[in-house]
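Notes follow the structure.
Just so it is clear: chains get the letters A, B, ... in the order the sequence lines come, proteins before strands, and each one is counted from 1. What you see is a predicted model; the values in this text were computed from it and never measured.
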2 protein chains.
Amino acid sequence: VNREVALGRPATVRGDPAALFERAGKGDRGALARLLSYVEEGGERSRAVAHLSYRAPEPYVIGLTGAPGVGKSTLGDRLVSAARAGWPNGAAPGSLHRLDQVAVLAIDPTSPLSGGAILGDRARMQGHATDPAVFIRSMATRGHLGGLALAVPDAVRLLGAVGFPLVVVETVGVGQVEVEVASASDTTVVVVTPGWGDSLQAAKAGLLEVADLFVVNKADRPGAAEAARDLRQMLALSPDQGWTPPIIETVAATGSGIDELWAAIARHRSHLEATGKLARRRADRVAAELHKVVAAAFERRLAELTVSPRYAAALGDVVAGRCDPYEAADRVLKEG
Amino acid sequence: VNREVALGRPATVRGDPAALFERAGKGDRGALARLLSYVEEGGERSRAVAHLSYRAPEPYVIGLTGAPGVGKSTLGDRLVSAARAGWPNGAAPGSLHRLDQVAVLAIDPTSPLSGGAILGDRARMQGHATDPAVFIRSMATRGHLGGLALAVPDAVRLLGAVGFPLVVVETVGVGQVEVEVASASDTTVVVVTPGWGDSLQAAKAGLLEVADLFVVNKADRPGAAEAARDLRQMLALSPDQGWTPPIIETVAATGSGIDELWAAIARHRSHLEATGKLARRRADRVAAELHKVVAAAFERRLAELTVSPRYAAALGDVVAGRCDPYEAADRVLKEG
């Protein structure tokens, strides 16, 4: 433990996952934070958390993605406030009920393990400081991108299992991770700002295909109408999937447009439920998750193999010209 | 065979690899072309070719890479002419000897299987039509990028084994494949043209790290000096590796600067040989190749597993909430 502290990393949190899970279900945020650290770390305790969570109903997941600086955090805070005020009740279309609690997962693929609440979280919590029903948590990589791709669905399932009906997942930056995280959402909101190239970049990064809704944030700046028009033109070229992503102009800083955004999210949720797409999407996601788990196991096996003495011996033979690479591979694989 | 012809693909070439290899070594270009098709296709015959080639001395490999339209083909033709005129003799530094034969591999990761000589090859061959010692061949993907990454070193080794002391490898476009192919060269030449952003793009694509030489081609256009300066500034930020990549301005269309380029390539070769880097680079390449072969085998196993009935059953259990993804993965992996 001392060594880890000396390295500037937080000491590993301890505790039995099952006991923590029970406490987290009763509203213990410290226990929940520990469980999320387990998920973030990966390994045995992460598996225990996944096992404790898998039977629970899944929360509804809103994904917020877009380039850095487009205002995702502010938008996320506004959505949390809107959710606390009233979330459409799927059981009775059109009706609303106040959500007891809302969780925000802020995914940062570029930063190292956060090990729990970081300063950024605390700063952001202030907006909801008087509202104990809002839980905000940063998640960083588990050392590699694949780790994050597995940690996010596990974290979402955990949050659902301990009583959160709604999870807002924010991602930082645009890239493959974004697309993966976005595909883990029920409603994916792609955020752009007015100005040259932003919407085009979203298209390039493959976000056009995963977007259920577009937000042109900071719409009080020049170029908002043009950005919306660019997106509309790009969408016109996409195949019809029975749902045309609406384009909402917002100013998150003032709250302008948030009601429209919220209404559009509710409409999208109704669409998913009415068409049976929600169940299909979630089944597809489970399939993708299982594939990632199995692929990660193969990657581990491969990594172990390539550091083995018999691999080194086979490589030595190829370098020395005693056999060709395929023969060497066969030998290594036969024994593996 | 008829079915393949009907699909618009050339009929699979036939012939015993060992017999073809012997004929190719005696200068039979038809036999060599068949063997390269085997390498391109992958599979058992490709392995046979690799086995026939692995004991032979490796040819010296010059890699030419850069964005489409920078003039790599013309530059490649000029280099071939220069090589035919005189190639520095490693055994006696400073001396030159005419190369008996030179091969050009034009790698196109975007086009489907070429199945042998394509129109582009024939058009290009005209420049060396009177010179039977020049062999030009396009190589396309084997259905996936990993395939090409394996096919290129196999093709290079084959060319060396049948008597080519020098192979020029050209790649089309800039991307991950480029970097891989470049890392398979002894001397990697990165080609840019004057004008905004070209050199910057090379840096972004990771070509700055793999470049042993830079060529600013079409240097009779405005901006050549600026492009060279940009590259020099970027290089100044790179760590010192004992070799500072020279920046050569050329006009491939007229032949201007080709002598300087050729001299720089010869200097780089001498540097690699004098420092022992050539042997280390080649050992690293063999290690990378073995890793790719083993990793490809793992990928095949994974792909087979995920279409198996027991995988489908395990996935069904996760979707139905009967177990968590990790349990399902364990079950699938245990039986695999």
Side-chain angles (χ1 to χ4, degrees), chain A residues 42-44 46-58 150 153-154 157 279-280 282-303 305-306 311-312 314-334 336, chain B residues 42-44 46-58 150 153-154 157 279-280 282-303 305-306 311-312 314-334 336:
Chain A
E44 277 312 307
S46 154
R47 294 192 50 150
V49 175
H51 187 68
L52 290 161
S53 317
Y54 81 93
R55 266 185 230 272
E58 283 187 74
L150 281 176
D154 282 354
R157 206 178 281 123
R280 277 205 301 282
R282 287 177 170 185
D284 287 349
R285 257 148 54 187
V286 168
E289 199 185 349
L290 178 61
H291 192 274
K292 273 177 222 149
V293 175
V294 174
F298 269 75
E299 268 174 46
R300 270 195 308 276
R301 284 181 188 180
L302 173 62
L305 184 62
T306 53
Y311 186 91
L315 175 58
D317 283 349
V318 188
V319 171
R322 283 190 290 269
C323 66
D324 72 63
Y326 297 93
E327 289 170 319
D330 276 352
R331 224 170 68 204
V332 161
L333 289 164
K334 212 168 281 167
Chain B
E44 276 312 308
S46 154
R47 294 191 51 147
V49 176
H51 186 68
L52 290 160
S53 316
Y54 82 92
R55 264 184 233 272
E58 284 186 75
L150 280 177
D154 282 354
R157 208 178 281 122
R280 276 204 303 281
R282 288 177 169 184
D284 287 349
R285 258 147 57 185
V286 168
E289 199 184 350
L290 178 61
H291 192 274
K292 274 179 220 146
V293 175
V294 174
F298 269 75
E299 267 174 46
R300 272 196 307 276
R301 285 182 187 177
L302 174 61
L305 183 63
T306 54
Y311 187 90
L315 175 58
D317 283 349
V318 187
V319 171
R322 283 190 290 269
C323 67
D324 71 64
Y326 297 92
E327 289 170 320
D330 275 352
R331 225 170 68 204
V332 162
L333 290 164
K334 212 167 284 168

| note | In terms of heavy-atom pairs under 4.5 Å with chain A, the winner among B:Ala50, B:Cys323, B:Ala287, B:Ala314 is B:Cys323

| What residues form a ring-ring contact (aromatic ring centres under 6.0 Å, His included) with A:Tyr311, not counting sequence neighbours? | none

| said: Do A:Tyr54 and B:Val318 make a side-chain contact, defined as non-hydrogen atoms from C-beta onward lying under 4.5 Å apart? | reply: no

| Heavy-atom side-chain proximity of A:Arg55 to B:Asp324 below 4.5 angstrom | no

| task | Kindly give the heavy-atom pair with the smallest separation between B:Ala329 and A:Val294, and that separation in Å. | result | CB-CG2, 3.8 Å

| query | Residues in ring-ring contact (aromatic ring centres under 6.0 Å, His included) with B:His291, at least two apart? | reply | none

| query | In Å and rounded to the nearest 0.5 Å, what is the OH to NE2 distance from B:Tyr326 to A:His51? | reply | 13.5 Å

| Should B:Pro325 and A:Arg157 count as side-chain neighbours, where that means a heavy-atom distance under 4.5 Å? | yes

| said: Counting heavy-atom pairs closer than 4.5 Å to chain B, which one of A:Leu290, A:Val286, A:Val293 comes out on top? | reply: A:Leu290

| query | Looking only at heavy atoms, which two atoms of A:Phe298 and B:Leu302 are closest? And how far apart? | reply | CE2-N, 3.7 Å

| field | B:Asp330 and A:Arg47, any side-chain heavy atoms less than 4.5 Å apart | value | yes

| query | Is the shortest heavy-atom distance from the side chain of A:Val319 to the side chain of B:Arg285 under 4.5 Å? | reply | no

| field | Region of B:Arg322 in contact with chain A, defined by heavy-atom distances below 4.5 Å | value | backbone

